Amino acid sequence: MEIAAAIQRRGLLFVLSSPSGAGKSTIAQMLLSTDDGIAMSVSATTRPMRPGETDGVDYHFVTDAGFDRMVAGGEFLEWAHVFGHRYGTLKREVMKVIEGGRDVLLDIDWQGTQQLKQVDPDIVRVFILPPSTEELERRLRHRGTDSEEVIARRMDRAASEISHWAEYDYVLINNDAEKCRELVHNILKAERLKATRRVFLHDFVRGLIG
Ligand code: 5GP
(Lines give C-alpha, C1' and ligand atoms only; values in the text may rest on other atoms or scores of the structure.)
Protein backbone atom coordinates (compact mmCIF):
# COMPACT_ATOMS: atom_id res chain seq x y z
CA MET A 1 0.00 0.00 0.00
CA GLU A 2 1.24 3.52 -0.75
CA ILE A 3 2.35 5.17 2.48
CA ALA A 4 0.20 8.32 2.24
CA ALA A 5 -2.90 6.18 1.53
CA ALA A 6 -2.09 3.81 4.40
CA ILE A 7 -1.75 6.68 6.87
CA GLN A 8 -5.00 8.27 5.74
CA ARG A 9 -7.00 5.07 5.89
CA ARG A 10 -5.91 3.91 9.28
CA GLY A 11 -3.24 5.07 11.67
CA LEU A 12 -2.70 8.45 13.12
CA LEU A 13 0.73 10.07 13.14
CA PHE A 14 1.10 11.54 16.63
CA VAL A 15 4.13 13.80 17.00
CA LEU A 16 5.67 14.78 20.35
CA SER A 17 8.33 17.49 20.31
CA SER A 18 10.05 19.40 23.09
CA PRO A 19 13.47 20.66 24.04
CA SER A 20 15.51 17.97 25.78
CA GLY A 21 14.98 18.38 29.51
CA ALA A 22 11.23 19.00 29.27
CA GLY A 23 10.39 15.39 30.15
CA LYS A 24 9.20 14.20 26.74
CA SER A 25 10.79 10.73 26.85
CA THR A 26 9.22 9.98 30.22
CA ILE A 27 5.81 11.07 28.98
CA ALA A 28 6.19 9.06 25.75
CA GLN A 29 7.09 5.91 27.74
CA MET A 30 4.16 6.45 30.13
CA LEU A 31 1.79 6.91 27.20
CA LEU A 32 3.01 3.73 25.48
CA SER A 33 2.49 1.73 28.64
CA THR A 34 -1.05 3.03 29.20
CA ASP A 35 -2.39 2.78 25.63
CA ASP A 36 -2.07 -0.41 23.55
CA GLY A 37 -3.28 1.35 20.45
CA ILE A 38 -0.13 3.38 19.87
CA ALA A 39 3.45 2.28 19.19
CA MET A 40 6.73 4.10 18.67
CA SER A 41 8.44 4.57 15.35
CA VAL A 42 12.13 3.76 15.88
CA SER A 43 14.22 6.37 14.06
CA ALA A 44 17.60 5.93 12.42
CA THR A 45 20.47 8.07 13.69
CA THR A 46 24.18 8.63 13.10
CA ARG A 47 24.79 9.62 16.72
CA PRO A 48 26.77 7.13 18.85
CA MET A 49 24.86 4.79 21.11
CA ARG A 50 24.66 5.91 24.75
CA PRO A 51 25.12 3.52 27.67
CA GLY A 52 21.85 1.69 28.31
CA GLU A 53 20.58 2.08 24.76
CA THR A 54 19.82 -0.86 22.47
CA ASP A 55 20.18 -0.89 18.71
CA GLY A 56 16.81 -1.42 17.04
CA VAL A 57 14.93 -0.43 20.21
CA ASP A 58 15.99 3.15 21.03
CA TYR A 59 17.24 3.89 17.51
CA HIS A 60 18.62 2.11 14.49
CA PHE A 61 22.24 3.22 14.90
CA VAL A 62 23.86 3.68 11.50
CA THR A 63 27.11 5.06 10.09
CA ASP A 64 27.26 8.26 8.04
CA ALA A 65 27.67 6.18 4.89
CA GLY A 66 24.73 3.99 5.89
CA PHE A 67 22.58 7.08 6.45
CA ASP A 68 23.62 8.45 3.04
CA ARG A 69 22.51 5.18 1.41
CA MET A 70 19.16 5.30 3.21
CA VAL A 71 18.61 8.90 2.03
CA ALA A 72 19.54 7.94 -1.56
CA GLY A 73 17.24 4.91 -1.37
CA GLY A 74 14.28 7.10 -0.38
CA GLU A 75 13.88 5.25 2.91
CA PHE A 76 12.94 8.30 4.99
CA LEU A 77 9.64 10.10 5.53
CA GLU A 78 11.70 12.97 6.95
CA TRP A 79 15.22 13.50 8.25
CA ALA A 80 17.17 16.36 9.80
CA HIS A 81 20.44 17.46 11.38
CA VAL A 82 20.00 17.68 15.16
CA PHE A 83 22.92 18.61 17.45
CA GLY A 84 25.55 17.66 14.87
CA HIS A 85 24.08 14.26 13.99
CA ARG A 86 21.44 13.09 11.55
CA TYR A 87 18.11 11.60 12.59
CA GLY A 88 15.32 10.28 10.38
CA THR A 89 11.91 8.62 10.41
CA LEU A 90 11.90 5.43 8.35
CA LYS A 91 8.94 4.74 6.09
CA ARG A 92 9.14 1.03 6.92
CA GLU A 93 8.90 1.73 10.68
CA VAL A 94 5.77 3.81 10.23
CA MET A 95 4.24 1.23 7.87
CA LYS A 96 4.96 -1.59 10.34
CA VAL A 97 3.02 0.18 13.10
CA ILE A 98 0.15 1.22 10.82
CA GLU A 99 -0.17 -2.24 9.28
CA GLY A 100 -0.37 -3.62 12.82
CA GLY A 101 -3.49 -1.45 13.22
CA ARG A 102 -1.94 1.04 15.64
CA ASP A 103 -1.29 4.75 15.74
CA VAL A 104 2.32 5.92 15.47
CA LEU A 105 4.13 7.92 18.12
CA LEU A 106 6.99 10.01 16.75
CA ASP A 107 9.55 11.69 18.99
CA ILE A 108 11.05 14.11 16.46
CA ASP A 109 12.23 17.71 16.41
CA TRP A 110 10.57 20.77 14.81
CA GLN A 111 12.37 20.27 11.48
CA GLY A 112 11.07 16.71 11.13
CA THR A 113 7.60 17.85 12.18
CA GLN A 114 7.54 20.49 9.43
CA GLN A 115 8.53 17.91 6.81
CA LEU A 116 6.01 15.35 8.04
CA LYS A 117 3.23 17.93 7.86
CA GLN A 118 3.99 18.22 4.12
CA VAL A 119 3.74 14.42 3.66
CA ASP A 120 0.56 14.08 5.72
CA PRO A 121 -1.35 17.27 6.60
CA ASP A 122 -3.48 15.21 9.00
CA ILE A 123 -0.71 14.61 11.58
CA VAL A 124 -1.30 15.63 15.19
CA ARG A 125 1.47 17.79 16.65
CA VAL A 126 1.99 18.14 20.40
CA PHE A 127 4.66 20.34 21.97
CA ILE A 128 5.77 19.98 25.57
CA LEU A 129 7.22 22.99 27.38
CA PRO A 130 9.24 22.87 30.61
CA PRO A 131 7.61 24.68 33.56
CA SER A 132 10.37 27.30 33.80
CA THR A 133 13.90 28.18 32.69
CA GLU A 134 15.18 27.30 36.17
CA GLU A 135 13.59 23.86 36.03
CA LEU A 136 14.87 23.26 32.49
CA GLU A 137 18.39 24.16 33.57
CA ARG A 138 18.09 21.99 36.66
CA ARG A 139 17.06 19.02 34.50
CA LEU A 140 19.84 19.61 31.99
CA ARG A 141 22.38 19.82 34.81
CA HIS A 142 20.94 16.84 36.61
CA ARG A 143 21.95 14.60 33.72
CA GLY A 144 25.62 14.38 34.60
CA THR A 145 28.84 16.13 35.38
CA ASP A 146 28.97 18.36 32.31
CA SER A 147 30.93 21.59 32.04
CA GLU A 148 29.23 25.02 32.18
CA GLU A 149 29.91 25.34 28.47
CA VAL A 150 28.04 22.12 27.69
CA ILE A 151 25.12 23.22 29.87
CA ALA A 152 25.03 26.62 28.14
CA ARG A 153 24.99 24.92 24.73
CA ARG A 154 22.08 22.69 25.83
CA MET A 155 20.18 25.76 27.04
CA ASP A 156 20.73 27.43 23.64
CA ARG A 157 19.45 24.39 21.79
CA ALA A 158 16.46 24.20 24.10
CA ALA A 159 15.65 27.87 23.38
CA SER A 160 15.89 27.25 19.65
CA GLU A 161 13.53 24.21 19.80
CA ILE A 162 11.09 26.14 22.06
CA SER A 163 10.95 29.01 19.55
CA HIS A 164 8.87 26.69 17.27
CA TRP A 165 6.13 26.02 19.84
CA ALA A 166 3.44 27.94 17.93
CA GLU A 167 3.73 25.62 14.91
CA TYR A 168 2.08 22.84 16.95
CA ASP A 169 -1.60 21.90 17.33
CA TYR A 170 -1.39 21.41 21.10
CA VAL A 171 1.05 22.92 23.61
CA LEU A 172 1.37 21.62 27.17
CA ILE A 173 3.43 22.75 30.15
CA ASN A 174 4.99 19.84 31.97
CA ASN A 175 4.51 20.76 35.62
CA ASP A 176 3.81 17.16 36.55
CA ALA A 177 4.66 14.13 34.38
CA GLU A 178 1.53 12.10 35.23
CA LYS A 179 -0.82 15.06 34.65
CA CYS A 180 0.97 15.83 31.41
CA ARG A 181 0.71 12.17 30.32
CA GLU A 182 -3.01 12.26 31.03
CA LEU A 183 -3.45 15.40 28.91
CA VAL A 184 -1.46 13.90 26.04
CA HIS A 185 -3.63 10.77 26.29
CA ASN A 186 -6.80 12.90 26.24
CA ILE A 187 -5.58 14.61 23.06
CA LEU A 188 -4.88 11.22 21.45
CA LYS A 189 -8.30 9.85 22.41
CA ALA A 190 -10.14 12.93 21.13
CA GLU A 191 -8.18 12.96 17.86
CA ARG A 192 -9.10 9.31 17.26
CA LEU A 193 -12.80 10.26 17.46
CA LYS A 194 -12.61 12.95 14.76
CA ALA A 195 -15.26 12.34 12.12
CA THR A 196 -12.77 12.64 9.27
CA ARG A 197 -10.77 9.69 10.65
CA ARG A 198 -13.79 7.41 11.11
CA VAL A 199 -14.56 6.47 7.55
CA PHE A 200 -16.46 3.34 8.65
CA LEU A 201 -19.11 5.61 10.25
CA HIS A 202 -20.62 6.31 6.82
CA ASP A 203 -21.83 2.68 6.59
CA PHE A 204 -22.78 2.56 10.26
CA VAL A 205 -24.93 5.70 10.07
CA ARG A 206 -26.49 4.55 6.79
CA GLY A 207 -27.55 1.43 8.70
CA LEU A 208 -29.02 3.60 11.48
CA ILE A 209 -31.05 6.02 9.39
CA GLY A 210 -31.44 4.13 6.13
P1 5GP B 1 18.54 12.22 21.38
O2 5GP B 1 19.86 12.15 20.66
O3 5GP B 1 18.62 12.92 22.69
O4 5GP B 1 17.90 10.85 21.49
O5 5GP B 1 17.55 13.07 20.47
C6 5GP B 1 17.89 14.35 20.10
C7 5GP B 1 16.73 15.00 19.37
O8 5GP B 1 16.53 14.37 18.09
C9 5GP B 1 15.38 14.94 20.09
O10 5GP B 1 14.86 16.25 20.15
C11 5GP B 1 14.52 14.09 19.19
O12 5GP B 1 13.18 14.54 19.19
C13 5GP B 1 15.16 14.29 17.83
N14 5GP B 1 14.88 13.14 16.95
C15 5GP B 1 14.91 11.83 17.27
N16 5GP B 1 14.58 11.06 16.21
C17 5GP B 1 14.32 11.91 15.20
C18 5GP B 1 13.90 11.73 13.84
O19 5GP B 1 13.69 10.61 13.35
N20 5GP B 1 13.74 12.85 13.09
C21 5GP B 1 13.95 14.10 13.59
N22 5GP B 1 13.74 15.13 12.78
N23 5GP B 1 14.33 14.31 14.86
C24 5GP B 1 14.51 13.24 15.66
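Quick caveat, the model's predicted, so the values are computed rather than measured. We count ligands from 1, going down the list as the structure has it; atoms in each ligand are counted the same way.
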Could you tell me, atom by atom, which parts of ligand 1 come under 4.0 Å of a heavy atom of [X]?
{"X": "Ala80", "result": "22 (N)"}
{"X": "Asp107", "result": "11 (C), 12 (O), 14 (N), 15 (C), 16 (N), 17 (C), 24 (C)"}
{"X": "Gly112", "result": "22 (N)"}
{"X": "Arg47", "result": "1 (P), 2 (O), 4 (O)"}
{"X": "Val82", "result": "7 (C), 8 (O)"}

Between [X] and [Y] (salt bridge meaning N to carboxylate O under 4.0 Å), is one present in this structure?
{"X": "Arg86", "Y": "Asp68", "value": "yes"}
{"X": "Glu134", "Y": "Arg138", "value": "no"}
{"X": "Arg141", "Y": "Glu148", "value": "yes"}
{"X": "Asp36", "Y": "Arg102", "value": "no"}
{"X": "Arg197", "Y": "Glu191", "value": "yes"}

### Task
Using only heavy-atom distances, determine whether the side chains of Gln111 and Tyr87 contain a donor-acceptor pair under 3.5 Å.
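There is no such pair between these side chains.
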
Indicate yes or no: does an N/O atom of [X] lie under 3.5 Å from an N/O atom of ligand 1?
{"X": "Gly88", "result": "yes"}
{"X": "Arg50", "result": "yes"}
{"X": "Gln111", "result": "no"}
{"X": "Trp79", "result": "no"}
{"X": "Tyr59", "result": "yes"}

### Query
Which of these, Glu161, Glu78, Lys24, has its nearest heavy atom closest to atom 10 (O) of ligand 1?
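Heavy atom nearest to atom 10 (O) of ligand 1 belongs to Lys24.
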
### Query
Which heavy-atom pair separates Ala80 from Gln115 by the least distance, and what is that distance?
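Of all heavy-atom pairs spanning Ala80 and Gln115, the closest is CB-NE2, 4.4 Å.
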
### Task
Examine ligand 1 and decide if any of its atoms is less than 4.0 Å from a heavy atom belonging to Ser20.
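No, Ser20 has no heavy atoms under 4.0 Å from ligand 1.
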
### Message
Please identify which of these residues, Thr45, Thr46, Thr54, meets the side-chain contact (heavy atoms from CB on, under 4.5 Å) condition with Phe61.
### Response
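That would be Thr45; it is the only one of Thr45, Thr46, Thr54 passing the side-chain contact (heavy atoms from CB on, under 4.5 Å) with Phe61.
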
### Message
Below 4.0 Å, non-hydrogen atoms only: which portion of Ile108 touches ligand 1? Side chain, backbone, both or neither.
### Response
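Looking at Ile108 and ligand 1, atoms from backbone and side chain both fall under 4.0 Å.
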
### Task
Look at the rings of Trp110 and His164 and say which category their plane angle falls in: under 30° parallel, 30 to 60° tilted, over 60° perpendicular.
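Parallel: the ring planes of Trp110 and His164 meet at under 30°.
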
